[in-house]
Amino acid sequence: MAETKTHVILLACGSFNPITKGHIQMFERARDFLHKTGKYIVIGGIISPVHDSYGKQGLVSSRHRLSMCQLAVQNSDWIRVDPWECYQDTWQTTCSVLEHHRDLMKRVTGCILSNVNTPSVTPVIGQSLNQPTQPVYQNSNLSNKPTAVRILGKVGEGLSRMCCVRPNLQRVTFVDENANLGTVMRYEEIELRILLLCGSDLLESFCIPGLWNESDMEVIVGDFGIVVVPRDGVEPEQILNHSSLLRKYKNNILIVKDDSNHPMAVVSSTKSRLALQHGDGHVVDYLAQPVIDYVLKSQLYINTSG
């Protein structure tokens, strides 16, 4: 029997001030690497820009950052922009953003999302935690057996509804049309996880005393897991040696090993802003043209430092 692959949604949190070609390339390279392992199927990517109250110097309004992110992924068929974090009353921790999307995925798919620490527990599509047993929809057609393809379609539809528009959580629901088929129906089983996508610089920040809440780190790395794309010459393997928590959960840290000879696009938003301020023609190497056009039209970063 073929080994069941884990279905993954990659979630990236950050300022995206502005979003760069390198940010998008991180998603692409992470997906390619995970697929090559033969253990994972990446079914979606989510970009979650930080709240305005994050307080970072030079951070432009989330209205602009969301618009730029949407322009950057407008031709992608799997990466979406989610505004939930920006629309909260205040800044949200990375941990709370991950937990929000995990809970929302439960509602959209109707399945139990497994933590990295419990890989033996395979979620069953249509099964919900602490839900009443009464049927939510009457359907006696056995040909409607749920399959991985059908449920991933549901996930795709859910991502489309959740992303690029302001979500109304009261309306994000999923009706399991096979809930009343009885024990004769065997549900298709898939394993679905949300993994934090980040660069090695974020991984390195885990080693700075007092910067991260210890319990949050435990949840992020221990319960969810992270996918790390090396950048700026920082070697992730060396970072692991400087943190007992990272060593403890090293099996939950997937480091992207890219054997291609293609150079990584510039990820740094700071370099992109400086190029914009100085009229540097190399900005086209950092930012997608629709993003550049938006920046110029909105007159962003012209006099912004940081």
Side-chain angles (χ1 to χ4, degrees), residues 7-35 40-52 59-87 92 94 97-98 100-101 104-105 108 152-167 172 194-199 202 226-229 231 256 258 262 264-269 271-273 276 283-298 300-301:
H7 296 74
V8 168
I9 294 173
L10 295 171
L11 171 65
C13 299
S15 300
F16 303 109
N17 186 44
I19 188 168
T20 67
K21 289 181 178 180
H23 289 129
I24 305 302
Q25 195 175 85
M26 285 177 63
F27 275 92
E28 300 290 352
R29 290 199 170 183
R31 182 177 69 161
D32 290 346
F33 171 75
L34 292 176
H35 285 178
Y40 306 94
I41 299 176
V42 178
I43 62 173
I46 300 174
I47 294 173
S48 181
V50 75
H51 192 274
D52 286 341
L59 186 68
V60 302
S61 165
S62 59
R63 175 174 64 88
H64 291 306
R65 290 182 289 115
L66 284 169
S67 295
M68 289 186 286
C69 286
Q70 289 169 0
L71 288 169
V73 301
Q74 62 184 346
N75 295 322
S76 175
D77 60 357
W78 69 283
I79 306 173
R80 298 289 183 267
V81 183
D82 185 85
W84 178 84
E85 188 175 353
C86 291
Y87 287 146
Q92 302 293 307
T94 300
V97 176
L98 283 164
H100 160 74
H101 284 285
L104 193 54
M105 278 297 135
V108 170
L152 295 185
K154 290 287 188 182
V155 172
E157 293 170 8
L159 281 173
S160 297
R161 290 199 304 273
M162 286 186 296
C163 305
C164 303
V165 294
R166 182 167 182 167
V172 180
I194 297 176
L195 300 178
L196 179 66
L197 174 65
C198 67
L202 186 142
I226 58 179
V227 180
V228 184
V229 179
R231 53 173 289 197
V256 174
D258 191 355
H262 300 294
M264 183 74 179
V266 173
V267 177
S268 173
S269 294
K271 291 182 180 179
S272 302
R273 293 195 301 274
L276 287 165
V283 70
V284 297
D285 297 326
Y286 308 154
L287 306 178
Q289 190 61 48
V291 175
I292 296 175
D293 294 341
Y294 183 92
V295 168
L296 296 177
K297 181 180 179 180
S298 303
L300 303 177
Y301 309 117

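Between Trp84 and His100, the ring planes lie parallel to each other; the angle is under 30°, not in the 30° to 60° tilted range.
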* Let me see the working for Met68 and Leu300 under side chain to side chain contact (heavy atoms under 4.5 Å, CB included), right down to the final yes or no. => CA-CA 11 Å; Met68 289 186 286; Leu300 303 177; 4.1 Å; yes
* To do: Evaluate side chain to side chain contact (heavy atoms under 4.5 Å, CB included) for Ser76 paired with Ile24, printing each intermediate quantity in order.
  => CA-CA 10 Å; Ser76 175; Ile24 305 302; over 6 Å; no
* Asked: Taking it one step at a time, do Glu28 and Ile79 satisfy side chain to side chain contact (heavy atoms under 4.5 Å, CB included)?
  -> CA-CA 9 Å; Glu28 300 290 352; Ile79 306 173; 4.2 Å; yes
* To do: Apply the test side chain to side chain contact (heavy atoms under 4.5 Å, CB included) to residues Leu59 and Val50: give CA-CA distance (whole Å), side-chain angles for both, the deciding distance (0.1 Å), then the verdict.
  => CA-CA 10 Å; Leu59 186 68; Val50 75; 4.2 Å; yes
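Under the 4.5 Å side-chain criterion, counting only non-hydrogen atoms from C-beta, Asn17 is in contact with Tyr301. Two residues are said to be in side-chain contact when any heavy atoms from C-beta on lie closer than 4.5 Å; Ile9 and His101 fail this criterion. Within the 4.5 Å cutoff, the side chain of Ile46 has no heavy atoms near those of the Ile194 side chain. Contact of the His35 side chain with the Val42 side chain is registered, since non-hydrogen atoms from C-beta on lie closer than 4.5 Å.
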Result block: side-chain N/O donor-acceptor pairs under 3.5 angstrom for residues 288-296, not counting sequence neighbours:
unit_1	atom_1	unit_2	atom_2	d
Gln289	NE2	Asp293	OD1	2.8
Tyr294	OH	His64	ND1	2.8

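With sequence neighbours excluded, the residues forming a side-chain contact (heavy atoms from CB on, under 4.5 Å) with Phe16 are Ala12, Ile19, His23, Ile47, Pro49, Cys69, listed by chain and number. Partners of Tyr40 by ring pair (Phe, Tyr, Trp, His ring centres under 6.0 Å), not counting sequence neighbours: none found. In terms of the side-chain hydrogen bond (donor to acceptor under 3.5 Å, both in side chains) criterion, Thr94 has no residue partners (sequence neighbours excluded). With sequence neighbours excluded, the residues forming a side-chain hydrogen bond (donor to acceptor under 3.5 Å, both in side chains) with Asp52 are Ser62, Arg65, listed by chain and number.
A distance of 9.0 Å separates SG in Cys13 from CG in Leu202, rounded to the nearest 0.5 Å. Expressed to the nearest 0.5 Å, how far OG of Ser269 lies from CG of Leu287 amounts to 8.0 Å. Going from atom CG of Leu66 over to atom CG of Leu71 covers 11.0 Å, rounded to the nearest 0.5 Å.
Closest non-hydrogen pair, Ala30 versus Val229, comes out as CB-CG2, 4.4 Å.
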